[in-house]
Amino acid sequence: MTNGTEAGAPAPRPNDERYDAQTIEKKWFERWQHDASLYAAEPNSTKKKYYVLEMLPYPSGALHMGHVRNYAIGDALARYMWMNGYNVLHPMGWDSFGLPAENAAISNNTPPREWTLRNIANMKAQMKRLGFAYDWSREVTTCLPDYYRWNQWFFLRLYEQGLVYRKKSKVNWCPKCATVLANEQVVNGCCWRHEDTQVEQRELEQWFVRTTKYAEELLRDLDRLQGWPEKVRTMQRNWIGRSEGTLVDFELEGNAGPAGSKISVFTTRIDTIFGATSVQLAPEHPLVADFTRYNQPLGASVQQLIAEQRKAKETGDIGEIEKHGVNTHRYAINPFNGERIPIWIANYILMDYGTGAIMSVPAHDDRDYDFAQKYKLEIRLVILPVGNDPEETMAEPKLPFTTHDGMVINSGPYSGVSCAEAVKKMTAYAEEKGFGKATVTYRLKDWGISRQRYWGTPIPMVYCEKDGIVPVPEKDLPVILPENVKVTLAGGSPLGDVPEFVNVTCPKCGGPARRETDTMDTFVDSSWYFYRYTDARNDSAPFDGKIAQYWFGDRGIDQYIGGVEHAILHLIYSRFWTKFMRDLGMITNDEPVERLFTQGMVIKEGRKMSKNLGNVVSPDEMVARYGADAARLYSLFAAPPDRDLDWQDTGIEGIQRFLGRVYRFFIRNARPDHPDWHKPAPAELSPAARAIQRKLHQTIKRVSDDFQGRWHFNTCISAIMELVNALYAAEEAIARNAVPVSFLADVQRSLVLLVAPFAPYLAHELWEMLGEKGNLLKAPWPQYDAELAKEEEIEIPVQVNGKLRSRVTVAADADETFVLERALADDKVKAAIAGKQLVKKIYVPGKMVNLVVK
RNA sequence: GCGAAAGUGGCGGAAUUGGCAGACGCACCAGACUUAGGAUCUGGCGGGUAAAACCGUGGGGGUUCGAGUCCCCCCUUUCGCACCA
């Protein structure tokens, strides 16, 4: 151990003081490899639990900087909680089913399993090199049977509960993935993975999970998720898209068609129904087929409308579609006034929302107004907005009025009541007469989970000619995904080409049957993986409920950290799964995640990193050049974690320099062999030592407060830098023995602890340098003392008429009279107020003085 | 179109509650040490001025003794939603 210097002599700065991250990190990396229990959560602990989770990665081959940032945040928190005495669960796993493995299989002839496991090995090694403190004994790999068998087990439970069903439906088909996408995976009409590939529509038999059963609860419980970003809650609320309204049946005039004699429309504005001047059908509405059967020209027009709508949907421009429609010359009867109104077919009416039919009220709906203008349909005023002058409005209405705040007019017996009142009364009337009822519609759809792909969880179902659809008995799970399958991107599941997989005997009758060849959407895997972590090696159940109960408590995972791109899909499916498991009696919590944190992206030169732009920063390269500590610390220092981070290569060099400064300070000042080193620090300190002490306690406060609060680790690190700068400034005082060694030992110990969550390698090295033997991870977090953090003297700015004129230095506890006296005695202040009348003296205690003069 | 967040030096960012704008770091400049410096240490660093004055947090107004922070209007950027009846 290098000793400090003799009193009075300036500190020598030999070359071996150089901070060599590679050597230090290699040393600790090797030690940590040999201690698997280092980061293990304690199984039967009386300590308070803390479950911190980062979103598990897809094993694409290598980590990127976004991962490093995500995990650096979680790791800092985990280490902080350990040091605060919690029993911490900090696991990691692999979201390892999915299409890229198949693409890789095709392009370089490697089986998906091999490719995936190799990527996992590589990324795991990267994580270890970065020093992340994961409990690897709980590692979850979703593509292995010991995990996906439980997906199958859950599928059987869903089936028993009637929560999964088969339905023939139009599906979104991505030609590049050669598979079905859930609605949620379609972004602006394109595939969420292939942003430039338009999604097509195909008709297929699919398995659907009845997520809509929980729509109401998923919406309601969003209000409880106070630890989630408002933004995410809003996105989920929009996604669920709850809408209260009324279903109203319009009879068809004349001969009823075979599809029925009524058109059911959904409206949120039944109060405007006396203003309905047409009924509009979606081009794909079932009734349309009847209308076009003996009407060739109409059929052609409808085809046109369908094509327009489809194209608009595919390009994501459905919001701006140019409205087109065609008059069927059929009529519907308004049940409220018996009036016959024309039935139109229009390209902006969507079949997959509500009933696919609407009543058109041009005077009180923007869209209907546009449409009526274009086709010269009647526009009838039935709402008078509050605050409008009736006569003026009647004479020259500035339509459309879409407000709910108004009075119903021209509406028979309802004229004169408020909109809200009319909705109630008219709905009640419709229910009484049997032609309508109050309804709630959701934008949220059931979750289509079938994928015509190989690399996923086989759906445990069998099709028997005699018995139909038969679930695979639980004892036969898992249905193993066969290997050596020829993967192609042609349509249909590759599993269909594997006879030994497909051909089975029916579990019921023993006769010949076919296995389901579709696999599950990978969002199934990630919907419950965090429960598996609590009991990852259980081979008789997905997990033990009691163990999950300990880690999830009543409110779920204490802190979940990941990208905002998962704000809807992953998190809504996870919430669904939790509610489903709760209703199965497996768990007691209603929600999976108490606190959610969404970190910003890592960008460079103002743009997202991408291979195309050639601005990708490789973690491996950063670690090789600057070390893991520097890479991690910089990813926390460069921006607050919730904001985007603009990566600058010179920025990380600054961080490396800082780590070097810390290291060199310890090289010079860690003196565990000194006789005073382990003695308690004296209560009375010299001014130089007192200054350090004050700074130290201020720093502890700042760092601790941020961990508890807003997580601005960038300012925490700044604070630690300030402390280190203060120590450098004090080195002369240290050299002349004006700072007691025992006190300096305390300061250094605290500094190591403050650094430990952010730069674990260096912290461990320094800890050892201080002569400490115990596990740094379990060393208690330093506590600050408000008294010691207090300044003894403060500088008070003095303003005259709001402009800074001078500063006066006073004791921290000086009273107002004294401070004002000093301020008025100051020469610069005197000059500023000379010849003027002092009208007001403002003193904000400890902050500032403002003198108002005339 | 609707909603949210943001806009501060050459750059990343600080200022947590209305109270010294620019902490901390990068870049740059100067000095020290040095055979050397892409190491290290010290100092400087919003504009402006000889120094001051003065100006300065996207733009314009307002409230206040005092505004980056609060209110009103506008501009720009990012994100989310978008004929959802």
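Each chain gets a letter, A, B and so on, in the order its sequence line appears, and its residues count up from 1. Predicted model, so just to flag it, every value in this text is computed and none were measured.
If you take CG of A/Asn850 and P of B/A67, they are 10 Å apart, rounded to a whole angstrom. Rounded to an integer number of Å, the gap from A/Asn801 CG to B/C65 P is 11 Å. B/C26 atom P lies 12 Å from atom CG of A/Leu633, rounded to whole Å. The CG-P distance, from A/Asp366 to B/A82, rounds to 17 Å in whole Å. When rounded to the nearest whole Å, the span between CG of A/Leu569 and P of B/G80 equals 12 Å. Rounded to whole Å, atom P of B/G80 lies 15 Å from atom CG of A/Leu571. Spacing between atom CZ of A/Arg269 and atom P of B/C83 amounts to 20 Å, rounded to whole angstrom units. B/U40 atom C1' lies 16 Å from atom CZ of A/Phe665, rounded to whole Å.
For A/Met721, whose side chain is taken as the heavy atoms from C-beta onward, the closest listed nucleotide among B/C81, B/G25, B/A85 is B/G25. In the set B/A27, B/A85, B/A39, the nucleotide with an atom closest to the side chain of A/Ile349 is B/A85. Closest to the side chain of A/Tyr728, from the set B/C41, B/C54, B/A85, is B/C41. The side chain of A/Gln799 lies closest to B/C20, out of B/A85, B/G25, B/C20. Which of B/A27, B/C20, B/C83 sits closest to the side chain of A/Tyr348 comes down to B/C83. Taking every side-chain heavy atom of A/Val844 into account, B/G19 is the closest of B/C81, B/U40, B/G19.
Between A/Asp706 and A/Arg710 a salt bridge is recorded (basic side-chain N to carboxylate O distance below 4.0 Å). In this structure, A/Arg237 pairs ionically with A/Asp223, as a charged nitrogen and a carboxylate oxygen lie closer than 4.0 Å. A salt bridge links A/Glu216 and A/Arg242; the closest N-O separation between the charged side-chain nitrogens and carboxylate oxygens is under 4.0 Å. Ion pairing between a basic and an acidic side chain is recognised when a charged N comes within 4.0 Å of a carboxylate O; A/Asp826 and A/Lys828 show no such pairing. Checked for salt-bridge contact, A/Lys695 and A/Glu791 miss the test: no charged N lies under 4.0 Å from a carboxylate O.
Although no hydrogens or angles enter the test, the distance criterion places no donor-acceptor pair under 3.5 Å between the side chain of A/His364 and the main chain of A/Gly275. Between the side chain of A/Gln309 and the main chain of A/Asn347, a donor-acceptor pair closer than 3.5 Å is present. Within the 3.5 Å criterion, the main-chain N or O of A/Thr212 finds a donor-acceptor partner in the side chain of A/Asp446.
When A/Ile270, A/Asn334, A/Thr355 are each tested for a side-chain contact (heavy atoms from CB on, under 4.5 Å) with A/Val248, only one passes: A/Ile270.
Judged by the 6.0 Å distance and 45° axis criteria, A/Lys323 is positioned over the aromatic ring of A/Tyr348.
Here the closest heavy-atom approach between residue A/Ala276 and residue A/Ile341 is recorded as O-CG2, 3.7 Å.
Remark: RNA chain B takes part in the stems B:1-7 with B:75-81, B:10-12 with B:24-26, B:28-32 with B:40-44, B:58-62 with B:70-74, each of 3 or more antiparallel Watson-Crick or G-U pairs, criterion distances under 3.5 Å.
In this model, no side-chain donor or acceptor of A/Asn238 finds a partner on the base of B/C81 within 3.5 Å.
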Candidate pair A/Tyr369 and A/Phe401, rule ring-ring contact (aromatic ring centres under 6.0 Å, His included), full reasoning: CA-CA 10 Å; A/Tyr369 185 77; A/Phe401 298 141; 9.8 Å; no

What's touching nucleotides 55-58 of chain B from the protein side, N or O pairs under 3.5 Å?
from  : atom 1 : to       : atom 2 : distance (Å)
B/C55 : OP2    : A/Lys803 : NZ     : 3.4

Distances for protein N or O near nucleotides 8-17 of chain B N or O, under 3.5 Å:
from  : atom 1 : to       : atom 2 : distance (Å)
B/C11 : O2'    : A/Gln648 : NE2    : 2.6
B/G12 : O2'    : A/Ala638 : O      : 2.7
B/G13 : O3'    : A/Asn714 : ND2    : 3.3
B/A14 : OP1    : A/Asn714 : ND2    : 3.0
B/A15 : OP1    : A/Arg710 : NH1    : 2.9
B/A15 : OP1    : A/Arg710 : NH2    : 2.5

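An OP1 or OP2 oxygen of B/A85 is reached within less than 4.0 angstrom by no side-chain nitrogen or oxygen of A/Thr441. For A/Arg664, no side-chain nitrogen or oxygen approaches OP1 or OP2 of B/A39 to under 4.0 Å. Here A/Arg661 does not reach the OP1 or OP2 of B/C24: none of its side-chain N or O atoms lies under 4.0 Å away. For A/Arg443, no side-chain nitrogen or oxygen approaches OP1 or OP2 of B/C81 to under 4.0 Å.
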